[in-house]
Amino acid sequence: MIRSTEKSSALTGTTIASTSPTKIATLTAFPAKIAPRDTGRTNSPASAFSSRSRCHVRPTASTDANATETQITPGATPSVASCPAKNARDAMTATSTAKNPLVVTISPVDSSMARSFPAMSAACFRNRFTCELAARGYTRVGRARGRAHAEADNRYEKCYSAGAMAQGKPRVRFAPSPTGYLHIGGVRTALFNWLWARKTGGTFVLRIEDTDQERSTPENEAIILRELRWLGLGWDEGPEIGGDHGPYRQMERLPVYQEFVEKLIAAGAAYRCYCTKEELDAQREALKARDPKAQFRYPGTCRDRTGPAPDRPFVIRFRAPSSGSVTYRDLVFGDVVTPNNTQQDAVLMRKDGVPLYNLGAVVDDLTMGITLVARGRDHMINTPPQILLYQALGAPVPQFAHLPMMLAPSGEKLSKRFGAVSVGEYRERGISPVGLMNYLVRFGWSFGDEEIFAMQDLIQKFSWENCSKADGKFDGKKLAAIAFEHLKSPALTPDDAYLDGTLPFLEKRGLSGIDREAVRALLPLIRERAQTYVDAADALDYFFRDLPVYDEKAVKKFLVADKAPHLQAVRDLFASIDDFSAKNLEARFGELLTEKKLEIKDVAQPVRVAISGRTATPGLFDVVALVGKPRVLARLDHALGLIAASSGAG
RNA sequence: GGUCCCAUCGUCUAGCGGUUAGGACGCCGGCCUCUCACGUCGGUAACGCGGGUUCAAUUCCCGCUGGGAUCGCCA
């Protein structure tokens, strides 16, 4: 029984009916309607639910006040329940065990589609169906592939947000290891976490994962903290500022890991392993020699060891389950199912009591109350074993969000080999920090067609839902262009920020003690010409010297003997002018040109070179006005001197 | 090889079953112009392949191919 909001125009089959949801059938009969479509093809309803299918639904405790329209009668037994895919069966089970009536809508849809609803393909219907389940208060475990689900995802996201707010603010973290400079990929991870914390009023925790004692250094840590501050990514809890969940360096938390390891051992989820690294390496080598393709797994020598413990150092291993699977709902990637039989008894803690990554991360995220773990996709493979640890600990599992990877233009992992990968290098190149973050945030995240954002914008607009899943390649030109957009616009980079960014580079050029306000006055001329703060300092250079640094080629080309009379005339003209405003200068200059029957292009370049030392500057009269009469005259005299000297010598 | 993940211009992306497949960077050309820029106008260029579902597939489903991640007492 179909009700649809038909429009007669829709009968043509080309016009789309209203975009408002079109209500459809009473779904008591739902299973019978979708199942029987046996086309005789291989794509039967059952096979439509393959093991690759992504839709999972689970009843939640929610009650849905809106569920008054059309309903699937709870308890209805779907006739496709016998389909081979467990996932699909889960979905169907949700139907049959639903406590609340379900409402199914199709939107938007044209009337012919609504009419043919009973015959819709199982796959197609399943999508609609699960979307609506999710939207109606059912937790869909994971995002389905494809876009038909986006609406539900969207609504789901809102549900989630609301839920998280009710339970308490999100706590997110950035957990770099101080084994090198702060990598721009790491910055992106930090940024996404930071944005989420700021958007939701949550907490951004900074944790230093310094358990790799071989490579971690305090210097590297200091650099990371400094760069994060430079970017404006301040943390709410972490090194140097403390917090209620500290300490925030893993090497200062060793007793915590010890405590959790003991819990795990007591619960039988972990055990002491007395095998030495050498023994295992030898076994690994032996296996590789026998069968290069085979993958070595810990043989379980100490797994069920009985009797007295050997008097030897031991590591702690996880007793990994060999059956079942781990499923988690990634905020970006949707459902991820990983069978446990691929897990092995990984080492959790070294013999010296220092935890390995998975243990450290889980214990810290747990004890620091982290509610959402957002990190690079390269960590995705670590998530199932970490969830297993949470479960072994009887602890709540946080949410996860993985970000697609940023690759070098070659498609390889972004590394030093590619070029600049550390934040410091971009700072030294004079890239605007907000511009850098704007580039980074647009990498794997989008907001319609918008490209340029102020940080406030981003905080408001950011969401996991708009993250993409595909890896991408770093593009330095695009970064430069976006950073430039930020420097160009006073709205995006206020004068004071611009000055803060530029002054250090002026100092590097030996121009220290410069009057901030004097630079401020020049900013309008500079902004649209400087892609970076380095460019800005360069463009500002000759305003702050007695004499500019003369470019050799420019001098050779424009400060030549036959231009000397022009320069002299200009010099005399300028000397006679008291109102040194750009406007007045231009007017008087024009008169001179008319009088001498000259064209501006014959004179402008020599004058420009004489005054700035270079061929490319802002408008000539702006430059003259801002360099100021005394220095302009001095420079013209100097240029005249240069010409005289060279023609005398030549 | 096992496991996991992904797939729209060269690059970053929009797209949520009907679009002349949009924007941005890059590149090319025009305009503006005292130089350099900015700005502006225009051009270039993409749905990996094969099936299925549908009146209609870039979009939903499956397979293939391709790419990536990972398989450490690194993180």
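Every chain is numbered from 1, with letters handed out A, B, ... down the list of sequences.
- Side-chain proximity of A:K477 to the nucleotides B:A69, B:C25, B:C6 is greatest for B:C25.
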Next item on the list: Quick one: do A:L331 and A:R329 satisfy side chain to side chain contact (heavy atoms under 4.5 Å, CB included)? Show the steps, please.
Entry: CA-CA 6 Å; A:L331 259 32; A:R329 189 175 72 75; 3.6 Å; yes
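- In the set B:C73, B:C5, B:C38, B:C38 carries the atom at the smallest distance from any side-chain atom of A:E528.
- Taking atom CG on A:D378 and atom P on B:C5, their separation rounds to 16 Å, with Å as the unit.
- A:R529 contributes no side-chain N or O that forms a donor-acceptor pair with the base of B:C38 under 3.5 Å.
- Side-chain proximity of A:Y357 to the nucleotides B:C73, B:A75, B:U3 is greatest for B:A75.
- Rounded to whole Å, the distance from CZ on A:R608 to C1' on B:U33 is 11 Å.
- Checking B:C38, B:G68, B:C34 against every side-chain atom of A:R377, the shortest atom distance belongs to B:G68.
- Atom CD of A:Q295 and atom P of B:C4 are 12 Å apart (whole Å).
- If you check B:C25, B:C34, B:C4 against the side chain of A:V336, the one that comes closest is B:C4.
- Scanning atom types as modelled, one donor and one acceptor separated by under 3.5 angstrom connect the side chain of A:K478 and the base of B:A24.
- The listed nucleotides are B:G39, B:G23, B:C74; the one nearest the side chain of A:R215 is B:C74.
- Here A:F474 and A:Y439 bring their ring centres to under 6.0 angstrom of each other.
- The A:Q605 side chain lies nearest to B:C34 when the options are B:C34, B:G23, B:C27.
- For A:N438 and A:H486, the side-chain atoms include at least one donor-acceptor pair closer than 3.5 Å.
- Nucleotide B:C25 holds its P atom 12 Å from the CG atom of A:D449, rounded to whole Å.
- The distance from atom CD1 of A:I208 to atom C1' of B:A75 is 13 Å, rounded to the nearest whole Å.
- Seen from the ring of A:Y274, A:R272 does not count as a face-on cation partner, given the 6.0 Å and 45° thresholds.
- A donor and an acceptor atom never sit less than 3.5 Å apart when one is taken from the side chain of A:D471 and the other from the base of B:G68.
- Nucleic acid contact for A:G360: none, since no nucleic acid atom lies under 4.0 Å from a heavy atom of the residue.
- Considering only the side chain of A:T338, B:C4 comes nearest among B:U13, B:U35, B:C4.
- In the set B:C6, B:U11, B:C38, the nucleotide with an atom closest to the side chain of A:A470 is B:C6.
- A:D210 and A:Q250 share no donor-acceptor pair across their side chains, judged by distance under 3.5 Å alone.
- Among the atoms of the strands shown, none is found under 4.0 Å from any heavy atom of A:N341.
- Atom-to-atom, CZ of A:R290 to P of B:G1 comes out at 21 Å; the value is rounded to the nearest Å.
- Among the atoms of the strands shown, base atoms are found under 4.0 Å from some heavy atom of A:T617.
- In this structure, the nucleotide among B:A75, B:U13, B:C71 sitting nearest to the side chain of A:S177 is B:A75.
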